[in-house]
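Quick note: numbers below take in every heavy atom, side chains included, and nothing from hydrogens, waters or symmetry partners.
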Amino acid sequence: MDESAWAKLKRAAVEARANAYAPYSGFAVGAAVLSKSGRVFTGCNVENASYGATICAERAALAAAVASGDRELLALVIVSGAKRPTPPCGICRQCLAEHGPTLAIRSHAGDAQADYELNSLFPEAFGRSHLD
Ligand code: THU
């Protein structure tokens, strides 16, 4: 993917991060995904007083894409305020694998960035074929 496409996703993720609802952790996260059809969808983390009910930014963006009819994802950008770039959590890796097994991921924290591929972060994923 070219740098201008990454930059567009980053801008969208920064914007979504501003809406993060993170009163318990204080850790605001924004995410933006690019779907196969070329559309961009965003999400932020949405925490809850029942802490385990929290939704991560990545899954919120994924759900926004699916709700709009886009089920195949090509790229994901994560933006947090951490000291170093953060990869997606395990639950998000499982959810993302269903919709983008070769997903390209870029994470930003301040001026630092890191690139990942989902199939390296999450090999041997449990998937639909295991239900056969
Ligand atoms: N969080 C995300 O939204 N994405 C990540 O990749 C890591 C964690 C959220 C969950 C919770 O609201 C807060 O960050 C601290 O874990």
Side-chain angles (χ1 to χ4, degrees):
M1 204 166 79
D2 67 33
E3 286 304 316
S4 67
W6 283 116
K8 182 180 172 185
L9 282 181
K10 184 186 177 187
R11 283 194 298 275
V14 166
E15 206 171 298
R17 181 170 179 255
N19 293 324
Y21 178 70
Y24 305 104
S25 72
F27 191 80
V29 185
V33 291
L34 174 68
S35 72
K36 198 175 175 186
S37 72
R39 292 196 288 174
V40 173
F41 300 92
T42 62
C44 61
N45 51 334
V46 182
E47 297 186 346
N48 191 274
S50 177
Y51 300 162
T54 292
I55 302 165
C56 290
E58 295 91 325
R59 271 176 292 139
L62 163 65
V66 172
S68 293
D70 282 16
R71 296 178 174 176
E72 289 183 65
L73 305 181
L74 302 178
L76 162 69
V77 164
I78 301 161
V79 174
S80 78
K83 288 189 186 133
R84 60 186 196 279
T86 56
C89 81
I91 297 171
C92 289
R93 292 180 197 193
Q94 174 66 35
C95 293
L96 291 164
E98 180 116 359
H99 298 277
T102 62
L103 192 70
I105 302 172
R106 180 167 285 184
S107 182
H108 295 272
D111 292 334
Q113 72 179 48
D115 290 315
Y116 313 97
E117 277 191 14
L118 186 59
N119 52 14
S120 303
L121 287 180
F122 197 60
E124 304 286 343
F126 176 82
R128 287 175 59 161
S129 65
H130 295 104
L131 297 172
D132 290 345

Exercise: identify the closest heavy-atom pair between [X] and [Y]:
X	Y	result
P87	I78	C-CD1, 4.4 Å
G100	L118	O-CD2, 3.4 Å
C92	C56	SG-CB, 3.4 Å
A109	P85	CB-N, 3.7 Å

Quick check against the 3.5 Å criterion: does [X] have a side-chain atom that pairs as donor or acceptor with the backbone of [Y]?
X	Y	value
R59	I91	no
N45	T54	no
E47	S25	yes

Which pairs count as ring-ring contact (aromatic ring centres under 6.0 Å, His included) when at least one residue sits in residues 83-107, sequence neighbours excluded?
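Listed once each, the pairs would be none.
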
Test: ring-ring contact (aromatic ring centres under 6.0 Å, His included). Region: residues 34-85. Which pairs qualify, not counting sequence neighbours?
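As it turns out, the ring-ring contact (aromatic ring centres under 6.0 Å, His included) pairs with a partner in residues 34-85, which skip direct neighbours, are Y24-Y51.
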
For I105, which of D115, V33, L76 qualifies under side-chain contact (heavy atoms from CB on, under 4.5 Å)?
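Running side-chain contact (heavy atoms from CB on, under 4.5 Å) over D115, V33, L76 with I105 returns exactly one hit, L76.
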
Of L9, V14, V77, T86, the residue whose pairing with H108 passes side-chain contact (heavy atoms from CB on, under 4.5 Å):
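Single side-chain contact (heavy atoms from CB on, under 4.5 Å) partner of H108 among L9, V14, V77, T86: V77.
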
Whether over 12 other heavy atoms sit under 6.0 Å from R39 CZ
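Enclosed.
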
With a cutoff of under 4.5 Å between side-chain heavy atoms, which Ile, Leu, Val, Met, Phe, Trp and Tyr residues group with L131?
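Result for L131 is F126.
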
Carefully, step by step, assess S80 and F27 under the rule side chain to side chain contact (heavy atoms under 4.5 Å, CB included).
CA-CA 7 Å; S80 78; F27 191 80; 4.0 Å; yes

Rounded to the nearest 0.5 Å, what separation is found between the CD atom of E3 and the NZ atom of K10?
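Spacing of CD (E3) from NZ (K10) equals 11.0 Å.
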
